[in-house]
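Notes follow the structure.
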Amino acid sequence: MSQADREVVIHAQQVEKSFGELQVLKGVSLDVHRGEVVVLIGASGSGKTTFIRCMNLLEDIQGGSIRINGKLLGYRERADGKLVKDSEKNIARRRREIGMVFQRFNLFPHMTVLENIIEAPIQVLGNTRQASIDLARQLLARVRLSDKADHYPSQLSGGQQQRVAIARALAMKPKAILFDEPTSALDPETVGEVLQVMKALAEDGMTMVVVTHEMGFAKEVADRVVVLHEGELIEQGPPEQVFGNPHHPRTREFLSRVL
Ligand code: ADP
Ligand code: MG
């Protein structure tokens with residue numbers, strides 16, 4: 001089955017975002033299909049973080065729309081077709097559909113690894129403690145940290161903490177996971193283990209949007225590479241095309257700096 005035939009999980013259409021006078025996203029459209037890995041690249045300040053924060057309702061948008069599994073995000077469609085801002089409660093509920101892994105791991109420092117992973121499934125989804133623990137142990141095995149369940153974040157390396165953050169995102173059974181430079185705050189020797197876990201997730205069919213400067217990962221794992229430049233999507237295609245034969249001069253310029 002080609003990607004185009006698959007169900008669209010994230011449908012961003014002409015997304016516009018400004019901070020005051022500064023327009024950061026100038027009408028960005030992107031479809032992410034189920035099981036697809038999209039790697040988002042572009043110079044610092046091009047709007048990558050802002051774009052994925054919009055996909056998770058961490059930012060509101062001034063124009064365009066974002067749908068997750070066909071359902072509008074942040075707004076409700078009234079019977080007469082008009083859009084009205086969704087309630088905070090619904091926004092909070094929808095936000096859980098999409099997982100997020102940040103540059104900084106944001107684990108709760110006073111909780112063990114296991115407690116970090118079961119917190120949201122219990123508090124937010126209302127799952128039982130036992131079911132949440134069972135799932136957390138499965139996920140810890142998946143990120144190869146079964147032996148760290150009772151450790152505190154401060155006792156782990158950066159790479160281990162980031163793998164816990166991935167397990168914590170997975171515990172919410174998200175429809176997709178957004179990664180914002182997940183390895184750029186890590187010591188070089190722990191970058192590989194995080195990328196390996198992400199690659200395994202991709203192979204298991206997780207829908208992923210990944211902002212990264214790890215071009216090796218992009219070449220190997222991405223189904224599609226998308227290039228942002230000054231708030232516009234200037235180029236996209238399979239990694240071999242974008243890296244091997246970039247069409248846009250700004251893509252060529254960016255790649256000549258990072259490759
Ligand atoms: P990238 O992730 O590609 O480096 P960002 O999305 O972080 O880019 O930033 C895009 C632009 O938006 C930058 O000019 C940045 O300074 C600006 N920006 C980001 N967040 C805010 C904010 N909360 N308030 C004002 N400006 C912001
Ligand atoms: Mg960023």
Side-chain angles (χ1 to χ4, degrees), residues 3 6-12 15 30-40 48-59 66-74 86 88-108 113-128 131-143 145 161-183 194-212 221-224 226:
Q3 291 293 350
R6 294 194 193 199
E7 173 193 335
V8 175
V9 178
I10 301 172
H11 177 61
V15 172
L30 179 71
D31 280 354
V32 183
H33 299 84
R34 185 139 63 90
E36 193 178 16
V37 179
V38 171
V39 167
L40 199 56
K48 305 178 299 294
T49 293
T50 302
F51 189 39
I52 64 170
R53 284 173 61 84
C54 290
M55 291 181 203
N56 197 25
L57 285 171
L58 293 171
E59 303 287 352
I66 300 176
R67 288 172 191 270
I68 304 295
N69 279 9
K71 269 186 72 187
L72 204 58
L73 202 59
D86 211 348
E88 282 305 316
K89 195 174 154 216
N90 274 336
I91 287 178
R93 195 165 49 80
R94 295 298 306 283
R95 190 173 285 142
R96 291 173 220 145
E97 295 176 7
I98 302 290
M100 187 106 182
V101 174
F102 302 92
Q103 188 172 346
R104 301 254 158 226
F105 338 112
N106 300 322
L107 298 175
F108 300 116
V113 163
L114 191 81
E115 287 164 351
N116 264 282
I117 299 172
I118 66 175
E119 165 78 9
I122 294 174
Q123 299 300 331
V124 180
L125 300 182
N127 294 343
T128 66
S132 304
I133 290 174
D134 292 345
L135 176 62
R137 292 206 184 276
Q138 284 172 33
L139 294 173
L140 280 174
R142 203 162 156 195
V143 300
L145 286 173
Q161 290 184 57
Q162 194 60 300
R163 285 187 278 149
V164 175
I166 293 172
R168 187 176 58 170
L170 288 169
M172 297 296 281
K173 301 206 163 83
K175 296 187 167 76
I177 302 187
L178 315 175
F179 295 83
D180 191 6
E181 299 197 28
T183 60
V194 173
L195 294 177
Q196 222 174 338
V197 163
M198 291 169 63
K199 184 174 171 216
L201 273 188
E203 284 165 355
D204 288 345
M206 177 56 76
T207 306
M208 298 163 54
V209 178
V210 184
V211 176
T212 185
V221 182
D223 295 301
R224 187 151 46 111
V226 170

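Computed over heavy atoms, backbone and side chain alike; hydrogens, waters and symmetry mates excluded.
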Quick one: are [X] and [Y] in side-chain contact, heavy atoms under 4.5 Å?
{"X": "N127", "Y": "I122", "result": "no"}
{"X": "V210", "Y": "V38", "result": "no"}
{"X": "M208", "Y": "V32", "result": "no"}
{"X": "P121", "Y": "M172", "result": "yes"}
{"X": "M100", "Y": "N106", "result": "no"}
{"X": "V39", "Y": "T212", "result": "yes"}
{"X": "V211", "Y": "T49", "result": "no"}
{"X": "Q103", "Y": "D180", "result": "no"}

Next item on the list: Could you walk me through whether I91 and R94 pass the side chain to side chain contact (heavy atoms under 4.5 Å, CB included) test, one step at a time?
Entry: CA-CA 5 Å; I91 287 178; R94 295 298 306 283; 5.8 Å; no
Separation of [Y] [atom2] from [X] [atom1] (nearest 0.5 Å):
{"X": "S132", "Y": "E115", "atom1": "OG", "atom2": "CD", "answer": "12.5 Å"}
{"X": "K173", "Y": "L139", "atom1": "NZ", "atom2": "CG", "answer": "8.0 Å"}
{"X": "D134", "Y": "I118", "atom1": "CG", "atom2": "CD1", "answer": "10.5 Å"}
{"X": "L178", "Y": "L58", "atom1": "CG", "atom2": "CG", "answer": "9.0 Å"}
{"X": "N56", "Y": "L73", "atom1": "CG", "atom2": "CG", "answer": "8.0 Å"}
{"X": "I68", "Y": "R95", "atom1": "CD1", "atom2": "CZ", "answer": "12.0 Å"}

Note to self: Under a 3.5 Å distance rule, please check whether N116 uses its side chain to pair with a backbone N or O of F108 as donor and acceptor.
What the structure shows: yes
Next item on the list: Return yes if some donor-acceptor pair links the side-chain N/O of D223 with the main-chain N/O of E36 below 3.5 Å, else return no.
Entry: no
Notebook entry, point to check: Around atom CZ of R137, are there more than 12 heavy atoms of other residues, nucleotides or ligands at under 6.0 Å?
Noted result: no
Margin query: Tell me which pairs pass side chain to side chain donor-acceptor pair (under 3.5 Å) where either residue lies in residues 161-171, with sequence neighbours left out.
Written below: R163-E193
Next item on the list: Output all residues satisfying side-chain contact (heavy atoms from CB on, under 4.5 Å) with V9, sequence neighbours left out; order by chain, then residue number.
Entry: R34, N69, K175, A176, T207
Checklist line | Counterpart residues, side-chain contact (heavy atoms from CB on, under 4.5 Å), relative to E59 (two or more places apart) | finding: K17, F19, R53, C54
Next item on the list: Test side chain to side chain contact (heavy atoms under 4.5 Å, CB included) on V209 and F179 and set out the steps.
Entry: CA-CA 6 Å; V209 178; F179 295 83; over 6 Å; no
What is the minimum heavy-atom distance between [X] and [Y], and which atoms define it?
{"X": "A169", "Y": "V101", "result": "CB-CG2, 4.2 Å"}
{"X": "L57", "Y": "G74", "result": "CD2-CA, 3.6 Å"}
{"X": "I177", "Y": "P174", "result": "CG1-CG, 3.7 Å"}
{"X": "A12", "Y": "D31", "result": "N-OD1, 4.2 Å"}

Item checked: Steps toward side chain to side chain contact (heavy atoms under 4.5 Å, CB included) verdict (L135, L170) -> CA-CA 10 Å; L135 176 62; L170 288 169; over 6 Å; no
Next item on the list: Start with the C-alpha gap between V221 and E203, add the side-chain angles, then the distance that decides, and say whether side chain to side chain contact (heavy atoms under 4.5 Å, CB included) holds.
Entry: CA-CA 9 Å; V221 182; E203 284 165 355; over 6 Å; no
